[in-house]
Each structure stands twice: as C-alpha cells, then as structure tokens.
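Accompanying notes for the structure given below.
Numbers here are sequence positions counted from 1.
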Amino acid sequence: MSFLTRKIKLLFAATSVFAVALAVTVNFTDACRLDNVSVDNESINNWTERFDMLATGPVVGQPLESLASMLLSAREIHKVDISVSWPHTLEVKTNEFEPTCFLLDDRTDILFGLDQDARIIPVERISPDWEQPVITGVSAGTPFGRAGDSRMIILVRLLQKLRDENIDLFRMIDEINMKATSYVKVTLAGLPYSLRMRLESLDEGLVRFVEFMSRYRPDLDGVEHVDLRYDNMVICRK
C-alpha cells in the first residue's frame, strides 16, 4: 500500500511540474506567442490593426469572444469558428455550415445546402456529401437566411434525427419532393416507384416501409407509388 501511495505522489508531483512548466512556456516565453491570424485560409498581414482587440501576447487568453462579435457584426458573416493552430496562429473560419440535406430551388435550378435550422447555404461554402437527400418542389429563398417554407424546419429536423438513428436508411433517400401540400413524395435509391407519406411522420413512415417490404416481400412490379399516409394501411397504386 505504501508503495502505491508513493507512486501516486510521484505521479502527482510530475504532473504538477509539467503543468507549471507548460504555464511558464505559454505565458512568459515566445514559444506560444500569437504571430499570425488567418481568415478563411488567408493570412492577414495587418492583423494587429484590423483586429485591435488582439495582441502579440500568448495565444492562450486572447479575447476570442470579442473577435467573434466584431466579425459577426458584418452583414455578410453569419457564423464564426475560431481555433488555435499551435503554436502561433489563430485560424478563423466564417460561414462554414454543415448541411443536413440539399435543396434544389424550383425557380432557379440552383442547388443549395440546408442545415438543421433550415438555413440556406451556398454550395461553395460547404463540403458536399452527395449521399444526402435533395429536396425539390420548393423555392430556396435568400442565401444564409431561413427557408421561406415553414415545412422545411420540420423536414430538416426529421432528417437530422433519421441520420443520427439510422444512417443507412438516411443514405437511401435520393429525393424528397414537397410540391404537394398534403404529403411529401420520397424517392429511394434503386426503386422505380415513389413513396407518399405525411411530412410530420417521415422518419416513422420510412421505417414502416422497410418493415413492410422485409416482412411481406410484395411484388411491386408496375407500381407507380406506395402510399403510407394511413395508419395500419399500405396502398400500392399501379
């Protein structure tokens, strides 16, 4: 027991010495001084003038909240992410959003991303994941604003939930057409027919369809669409 106690004390002492040495290195030497600021991968030469809240001191302890607030005051900036690239650089990324799905504007045929808050994101501001569904049949609206159609926030939240809980089923979705007001039309990869279902139960409807196909293995040759809007009933229209 005494051996373990001595070992724990030595480990604690070594950890304390390391922490003190790290603090001294960061705060009282030039090893971790802020020398560079980059915005969207572009190095800012006059960063001390442009961002006067920053100083050529330790990277740790810089007023990052003040920097973010200043950047967000610009009309064209809607999101700011700041990280430290050791040992001398602050990296700032603006307007980088992670889309839940894509939206093809039915008026302009321009493709946008949609995040989980139904924000319209220009494709050049994201890294496309082409396994995500494409929403059609609606207008996009203003870039970086919220989608004008109130149904979109419901849809993206359901898709986000489906992606978190059943990624394979999420990736099977090719297209969700929202032109009709009483249902959504879903196209799954590899199927010649579409699915009709209620928007508010989209995720449940997809799971129900997979269970229906697995349990009954129906012959759906020549079927135009499968209607899943009604409880305890699946309607196949030829």
Side-chain angles (χ1 to χ4, degrees), residues 18-19 21-105 107-135 138-149 152-153 155-157 159-160 163-164 167 170-171:
F18 176 77
L22 181 62
V24 170
T25 300
V26 170
N27 291 286
F28 300 105
T29 73
D30 292 333
C32 298
R33 296 275 169 167
L34 179 60
D35 289 336
N36 182 48
V37 177
S38 70
V39 178
D40 295 333
N41 299 319
E42 180 182 347
S43 184
I44 306 300
N45 294 326
N46 60 336
W47 62 268
T48 53
E49 300 174 10
R50 182 173 173 182
F51 309 124
D52 57 7
M53 74 286 295
L54 302 178
T56 53
V59 174
V60 176
Q62 296 286 343
L64 302 186
E65 289 187 5
S66 297
L67 174 60
S69 296
M70 189 209 78
L71 291 168
L72 287 169
S73 65
R75 186 176 181 180
E76 69 276 9
I77 295 179
H78 306 273
K79 184 173 183 287
V80 172
D81 297 295
I82 304 174
S83 61
V84 177
S85 179
W86 295 100
H88 302 295
T89 302
L90 281 182
E91 292 188 349
V92 181
K93 303 288 187 181
T94 65
N95 293 342
E96 285 199 342
F97 296 91
E98 181 182 355
T100 297
C101 56
F102 293 98
L103 171 62
L104 184 65
D105 191 310
R107 291 184 302 179
T108 64
D109 287 335
I110 296 176
L111 190 67
F112 295 93
L114 270 181
D115 72 359
Q116 63 181 5
D117 294 318
R119 186 187 295 271
I120 307 296
I121 312 163
V123 169
E124 61 269 19
R125 302 301 307 185
I126 59 180
S127 299
D129 176 359
W130 300 116
E131 290 186 326
Q132 293 176 329
V134 177
I135 313 304
V138 291
S139 299
T142 306
F144 297 113
R146 298 299 196 277
D149 192 320
M152 298 306 296
I153 188 65
L155 176 60
V156 293
R157 295 286 169 84
L159 288 175
Q160 184 69 40
R163 184 168 69 174
D164 293 341
I167 185 63
F170 173 82
R171 288 172 173 167

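- The heavy-atom pair separating C101 from V156 by the smallest distance is SG-CG1, 3.9 Å.
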Before you tell me yes or no, could you show the steps for D40 and N95 under side-chain contact (heavy atoms from CB on, under 4.5 Å), namely the whole-Å CA-CA distance, both residues' side-chain angles and the distance that decides it to 0.1 Å? CA-CA 9 Å; D40 295 333; N95 293 342; over 6 Å; no

Check the pair Q132, R171 against side-chain contact (heavy atoms from CB on, under 4.5 Å), reporting the backbone distance first and the verdict last. CA-CA 6 Å; Q132 293 176 329; R171 288 172 173 167; over 6 Å; no

In sequence, state the C-alpha distance, the side-chain angles, and the governing distance for I44 and R50, and then conclude on side-chain contact (heavy atoms from CB on, under 4.5 Å). CA-CA 9 Å; I44 306 300; R50 182 173 173 182; 3.4 Å; yes

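- Side-chain polar atoms of T100 and Q160 form a donor-acceptor pair below 3.5 angstrom.
- At least one side-chain heavy atom of F51 sits under 4.5 Å from a side-chain heavy atom of M70.
- When all heavy atoms of P63 and L54 are compared, the pair lying nearest together is CD-CD2, 4.2 Å.
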Under the criterion salt bridge (charged side-chain N to carboxylate O under 4.0 Å, His left out), I'd like the reasoning laid out for E42 against K93: C-alpha separation, chi angles, the key distance, then a yes or no. CA-CA 10 Å; E42 180 182 347; K93 303 288 187 181; over 6 Å; no

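- Distance check: L64 CG to L90 CG gives 6.0 Å after rounding to the nearest 0.5 Å.
- Taking 4.5 Å as the limit, some side-chain heavy atom of L67 sits within range of a side-chain heavy atom of M53.
- Here D115 contributes atom CG and E98 contributes atom CD; the two are 9.0 Å apart, rounded to the nearest 0.5 Å.
- Closest heavy-atom contact between L34 and H88: CD1-O, 3.5 Å.
- The two residues M152 and V138 have their closest heavy-atom pair at SD-CG2, 4.2 Å.
- Looking at E96 and R119, no side-chain N of the basic residue comes within less than 4.0 Å of a carboxylate O on the acidic one, giving no salt bridge.
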I would like to know whether E131 and F170 meet side-chain contact (heavy atoms from CB on, under 4.5 Å); could you show each step before the answer? CA-CA 8 Å; E131 290 186 326; F170 173 82; over 6 Å; no

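- Using a 4.5 Å cut-off on side-chain heavy atoms (C-beta onward), F112 and P99 make no contact.
- The nearest pair of heavy atoms linking I126 to I121 is CG2-CG2, 3.5 Å.
- For the side chain to side chain contact (heavy atoms under 4.5 Å, CB included) criterion with R157, the lone passing option out of L155, L159, I153 is I153.
- Contact annotation: the side chain of L71 approaches that of V92 to within less than 4.5 Å [non-hydrogen atoms, C-beta and beyond].
- Heavy-atom minimum distance, W47 versus N36: NE1-CA, 4.0 Å.
- To the nearest 0.5 Å, atom CG of residue L114 and atom CZ of residue F97 are 12.0 Å apart.
- Listed by first then second residue, pairs satisfying side-chain hydrogen bond (donor to acceptor under 3.5 Å, both in side chains) with a partner in residues 61-80 read K79-D81, not counting sequence neighbours.
- Put simply, OG on S139 and CD1 on I120 are 10.0 Å apart, with the number rounded to the nearest 0.5 Å.
- Using a 4.5 Å heavy-atom cutoff, the side chains of L104 and F102 are not in contact.
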